[in-house]
J.: 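Before we start, here is the structure in question, set down as structure tokens.
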There are 2 protein chains.
Amino acid sequence: MSLRYALLGLLAYEPASGYALTKSFEHHVGRYAWQAGHTRIYPELNKLAADGLIEVAEEGARGRITYAITEPGRAALREWMMTPPAARKVRDEDVLRLFLMSALPPEDSRRLLKAIIEDCAGEIDELRDTIAMLDEDCAEAGERLPFGRLAAEYGLRTYETRRDWALWALARLESH
Amino acid sequence: MSLRYALLGLLAYEPASGYALTKSFEHHVGRYAWQAGHTRIYPELNKLAADGLIEVAEEGARGRITYAITEPGRAALREWMMTPPAARKVRDEDVLRLFLMSALPPEDSRRLLKAIIEDCAGEIDELRDTIAMLDEDCAEAGERLPFGRLAAEYGLRTYETRRDWALWALARLESH
DNA sequence: TAGAGCATGTAATAAGTTACATGATTAC
DNA sequence: GTAATCATGTAACTTATTACATGCTCTA
């Protein structure tokens, strides 16, 4: 059901085609929040349109269909956003790997932690660049804090935290 | 496929019954790393046993079946752990809500951010208590850093980061 | 004019959820 | 003895993945 609202949320931010939405999922959305491929996205868009929560805003070249959210769609999104469920439900393969390290022999854990720390460093560098670019654009154009900027900041802080956690875990491992 | 390795990882840490594993998922594992209910766990355990990656270690009261990982199971787990895929795949409904805030009218965003900050504060308090208890037990018993301690530390840092991010987002929202 | 990438879809299979079902043991 | 919770399962349905399929348009 979440995919429905992920799509609704992206379309509430701005109208887009299935193809453009797929790209959003490949980049920030699928990386931190909700993963989805085009084979699920297209059918779900059709269902959303059938339910009147989105509508075709424009039909462009190469069969491109740009959708926009409707008023009922906005209402449904708002309802979902403002009533979070009690139970948190997460599926994150990376974090799963972190958690299962207790099960590995210590040398493997150490190797894995070091790889994670290095990987995080790469992500952090990349995100810092992204943010610098976004802030430049924003200084000219912007009022409202854009979707990508929120995501990038979240990503940066998340990777910093993960790296620090890995450093902590490594230190605890070494001290035993 | 990840559930398979989640189970293998937990059983590599220590033998357990399907019921006990289900509880692990309800608590730390499902909260941060990988969600799963008993209706998926039991069939997957049977499949793992059929594949020889785990074995029945003990049959106890009320039909309880305690499983233990086998050597092939350990090898399969290690292989999976040490070769993370390039693409990160995440499904986290909470984070999705954070991301979609750009799509809400500013007053709603503000309300939601404040609710998130409060919620994080609650989680942080709870996790601090958990960690204090774990560290007490560990001081007596312990050498290797236990599974739950890793998870609790990760959880604590994650919630602190999320709270700080929400505070940052709120400040940016107010300044416009 | 050829190749890259835009753009959307379907079908078969796998994974996950919800609802239903049953029985054993423990603590009160 | 009875309520809670331990303990495992199945069936119907929904959601997601993988593999396959097709055609358009822009750029070099």
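Computed from a predicted model, the values in this text were never measured in an experiment. In what follows, chains carry the letters A, B, and so on, assigned in the order in which the sequence lines appear, proteins first and then strands, with residues in each chain numbered from 1.
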J.: Please confirm whether A:His38 and A:Phe25 have ring centers closer than 6.0 angstrom.
T.: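 No: the rings miss the under 6.0 Å criterion.
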J.: Taking only residues two or more places apart in sequence, or in another chain, which ones meet B:Asp51 in a salt bridge (Lys or Arg N to Asp or Glu O under 4.0 Å)?
T.: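 Testing B:Asp51 for salt bridge (Lys or Arg N to Asp or Glu O under 4.0 Å), a comparison that skips the adjacent residues, returns B:Arg4.
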J.: Any idea which heavy atoms bring A:Met82 and B:Asp108 closest together, and the distance?
T.: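 Nearest heavy atoms, A:Met82 then B:Asp108: CE-O, 3.8 Å.
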J.: Could you tell me which residues satisfy salt bridge (Lys or Arg N to Asp or Glu O under 4.0 Å) with A:Arg62, sequence neighbours excluded, listed by chain and number?
T.: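 Partners of A:Arg62 under the salt bridge (Lys or Arg N to Asp or Glu O under 4.0 Å) test: none.
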J.: Taking only residues two or more places apart in sequence, or in another chain, which ones meet B:Tyr159 in a side-chain hydrogen bond (donor to acceptor under 3.5 Å, both in side chains)?
T.: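 side-chain hydrogen bond (donor to acceptor under 3.5 Å, both in side chains) list for B:Tyr159, sorted by chain: A:Arg88.
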J.: Return each pair, listed once, that meets ring pair (Phe, Tyr, Trp, His ring centres under 6.0 Å) where at least one residue sits in residues 80-113 of chain B; pairs must be two or more places apart or across chains.
T.: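 Applying ring pair (Phe, Tyr, Trp, His ring centres under 6.0 Å) to every pair that reaches into residues 80-113 of chain B, excluding sequence neighbours, yields A:Tyr154-B:Phe99, B:Tyr5-B:Trp80.
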J.: In whole angstrom, what separates B:Glu26's CD from C:dG16's P?
T.: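 Taking CD of B:Glu26 and P of C:dG16, I get 17 Å after rounding.
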J.: Under a 4.5 Å cut-off applied to non-hydrogen side-chain atoms, are B:Phe147 and A:Leu100 in contact?
T.: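 Yes, at least one pair of side-chain atoms sits under 4.5 Å.
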J.: Of all nucleotides in DNA chain D that come within under 4.0 Å of a heavy atom of chain B, which is furthest toward the 5' end and which toward the 3' end?
T.: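 First and last nucleotides in contact are D:dT5 to D:dT17.
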J.: Could you tell me which residues satisfy side-chain hydrogen bond (donor to acceptor under 3.5 Å, both in side chains) with A:Arg31, sequence neighbours excluded, listed by chain and number?
T.: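 Checked A:Arg31 against side-chain hydrogen bond (donor to acceptor under 3.5 Å, both in side chains); matches are A:Glu123.
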J.: Between B:Glu93 and A:Ser2, does any side-chain donor sit less than 3.5 Å from a side-chain acceptor?
T.: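 The criterion, which ignores hydrogens and geometry beyond distance, is satisfied for A:Ser2 and B:Glu93.
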J.: If you define the side chain from C-beta out and look only at heavy atoms, does anything of A:Leu21 sit under 4.5 Å from A:Leu11?
T.: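 Of all side-chain heavy-atom pairs linking A:Leu11 with A:Leu21, at least one is under 4.5 Å.
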J.: Mind checking salt bridge (Lys or Arg N to Asp or Glu O under 4.0 Å) for B:Arg111 and listing every partner two or more places apart, or none if nothing turns up?
T.: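 Per chain and number, B:Arg111 pairs via salt bridge (Lys or Arg N to Asp or Glu O under 4.0 Å) with no residue.
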J.: Mind running a 4.0 Å heavy-atom check of residues 83-99 of chain A against DNA chain C and sending the residues that fall below it, in number order?
T.: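 When residues 83-99 of chain A is checked for heavy atoms under 4.0 Å from DNA chain C, the hits, listed by number, are A:Arg91.
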J.: Please compare A:Met1 and B:Lys23 by the position of their nearest nucleotide in DNA chain D and report the one closer to 5'.
T.: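 Its nearest nucleotide lies further toward 5', so the answer is B:Lys23.
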J.: I'd like a table of atom pairs between the protein and nucleotides 22-28 of chain C - only N or O on both sides, under 3.5 Å - with the distance next to each one.
T.:
| from | atom 1 | to | atom 2 | distance (Å) |
| --- | --- | --- | --- | --- |
| C:dT25 | O4' | B:Arg62 | NE | 3.4 |

J.: Check the distance between C:dC6's C1' and A:Glu59's CD and give it to me in whole angstrom.
T.: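 My rounded result for the distance is 16 Å.
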J.: Can you check the A:Tyr19 OH to C:dG5 P distance for me, whole Å?
T.: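 The distance from OH of A:Tyr19 to P of C:dG5 comes to 9 Å, rounded to the nearest Å.
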J.: Sequence neighbours left out, what passes salt bridge (Lys or Arg N to Asp or Glu O under 4.0 Å) with A:Glu26? Give chain and number order.
T.: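 So A:Glu26 forms a salt bridge (Lys or Arg N to Asp or Glu O under 4.0 Å) with A:Lys23.
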J.: Check whether any side-chain N or O of B:Ser17 sits under 3.5 Å from a backbone N or O of B:Arg64 as a donor-acceptor pair, and report yes or no.
T.: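 Not a single qualifying donor-acceptor pair exists.
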J.: Pick the closest DNA chain D nucleotide for A:Glu44 and for B:Arg64 by heavy atoms, then say which residue is nearer the 5' end.
T.: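 Result of the comparison: B:Arg64.
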J.: Using a 4.5 Å cut-off on heavy atoms from C-beta on, say whether the side chain of B:Tyr32 contacts that of A:Val90.
T.: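 They are not in side-chain contact.
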J.: At how many degrees, to 10°, do the end axes of the helix from C:dT1-D:dA28 to C:dC28-D:dG1 meet when each uses five pairs?
T.: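 What I find for the helix from C:dT1-D:dA28 to C:dC28-D:dG1 is an axis angle of 30°.
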J.: Let's see if you get this right: which residues in residues 31-42 of chain B place a heavy atom under 4.0 Å from DNA chain D?
T.: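 Within residues 31-42 of chain B, the residues near DNA chain D are B:His38, B:Thr39, B:Tyr42.
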